[in-house]
Amino acid sequence: LRLADLVTGMSTAPRDELQAVLADDEATTRLRKVLMIMKKDLEHARLQSQLKSQIEDKFAKEHRKYMLMQNLRHIKRELNLEKDDKQTIIAGFRE
C-alpha cells in the first residue's frame with residue numbers, strides 16, 4: 001500500500017480522485033483505483049508525446065520549406081531572374 005500511496009502522490013490526476021484513493025481502507029479497491037489512475041496518466045503521457053512529435057515534425061517541415069525558399073530566392077538573385085526590393089527601387093530611379 002505504501003507503493004500505491006507513492007504512485008498516487010506522483011500522479012497528475014484530479015485531487016478528488018487522489019483523495020478517494022487515500023481515503024479507501026480496503027487494499028484491493030485502493031490498488032484498483034491506483035491502477036485506473038496510472039492508466040489515465042499513461043494515456044495522457046502518450047497523447048502528450050504524440051502531440052509533441054507531431055508539432056516537432058510540422059515545425060521541421062516548415063523550417064525546411066522556409067530555408068529552401070530562401071535558397072531559391074538567393075539563387076534567382078544570383079542568376080538575375082529575380083530582383084530584390086533595393087534593386088527595383090534603384091532601377092526605378094535610373095529610369
Side-chain angles (χ1 to χ4, degrees):
L1 290 179
R2 288 184 183 166
L3 181 60
D5 291 345
L6 178 66
V7 170
T8 303
M10 295 185 332
S11 175
T12 59
R15 190 178 188 130
D16 58 334
E17 287 182 29
L18 301 176
Q19 187 63 37
V21 169
L22 297 174
D24 200 339
D25 291 333
E26 190 176 331
T28 55
T29 58
R30 190 173 190 165
L31 290 173
R32 282 194 178 112
K33 288 179 182 179
V34 170
L35 180 61
M36 294 304 293
I37 289 173
M38 286 175 49
K39 285 181 180 180
K40 287 179 186 177
D41 283 351
L42 181 61
E43 183 63 26
H44 182 71
R46 275 192 202 134
L47 289 173
Q48 277 185 327
S49 176
Q50 186 179 27
L51 183 62
K52 180 182 175 187
S53 72
Q54 287 175 351
I55 289 171
E56 286 174 350
D57 289 346
K58 185 172 182 175
F59 179 77
K61 286 178 186 177
E62 291 296 320
H63 181 70
R64 177 174 162 70
K65 182 179 175 182
Y66 174 78
M67 293 304 293
L68 290 172
M69 291 301 290
Q70 291 296 325
N71 288 340
L72 179 62
R73 190 173 292 138
H74 180 72
I75 291 169
K76 283 182 176 180
R77 279 191 209 136
E78 290 284 324
L79 297 174
N80 288 326
L81 296 176
E82 179 182 286
K83 296 180 180 178
D84 61 3
D85 292 335
K86 292 179 189 176
Q87 291 173 340
T88 305
I89 292 171
I90 292 171
F93 281 125
R94 287 184 182 165
E95 293 175 0

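Only heavy atoms go into these numbers, but all of them, side chains included; no hydrogens, no water, no symmetry mates.
- For the atom pair CG (Leu35) and NZ (Lys40), the distance works out to 11.5 Å, reported to the nearest 0.5 Å.
- When atom types are taken as modelled, the side chain of Ser49 and the backbone of Ala45 share no donor-acceptor pair closer than 3.5 angstrom.
- The environment of Asn71 atom CG is dense: over 12 non-hydrogen atoms of other residues, nucleotides or ligands sit within 6.0 angstrom.
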Next item on the list: Evaluate side-chain contact (heavy atoms from CB on, under 4.5 Å) for Arg64 paired with Met67, printing each intermediate quantity in order.
Entry: CA-CA 5 Å; Arg64 177 174 162 70; Met67 293 304 293; 5.8 Å; no
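- Salt-bridge annotation for Arg46 and Glu43: present, with a side-chain N of the basic residue lying under 4.0 Å from a carboxylate O of the acidic one.
- The distance from the CE atom of Met69 to the NZ atom of Lys76 is 7.0 Å, given to the nearest 0.5 Å.
- Under the 4.5 Å side-chain contact rule for hydrophobic residues, Leu31 and Val21 do not share a cluster.
- Only one option out of Lys33, Arg30, Arg32 pairs with Asp24 in a salt bridge (Lys or Arg N to Asp or Glu O under 4.0 Å); it is Lys33.
- When all heavy atoms of Glu17 and Ile37 are compared, the closest pair comes out as OE1-CG1, 3.8 Å.
- Listed here is the closest heavy atom pair of Asp41 and Ala13: OD1-N, 4.0 Å.
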Next item on the list: Could you go through the side-chain contact (heavy atoms from CB on, under 4.5 Å) check for Gln54 and Asp57 one step at a time?
Entry: CA-CA 5 Å; Gln54 287 175 351; Asp57 289 346; 5.7 Å; no
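- Atoms OG1 and NE2, from Thr12 and His44 in turn, are 5.5 Å apart once rounded to the nearest 0.5 Å.
- Here Leu68 contributes atom CG and Lys65 contributes atom NZ; the two are 10.5 Å apart, rounded to the nearest 0.5 Å.
- Here the CG atom belonging to Asp16 is positioned 8.0 Å from the CG atom belonging to Leu18, to the nearest 0.5 angstrom.
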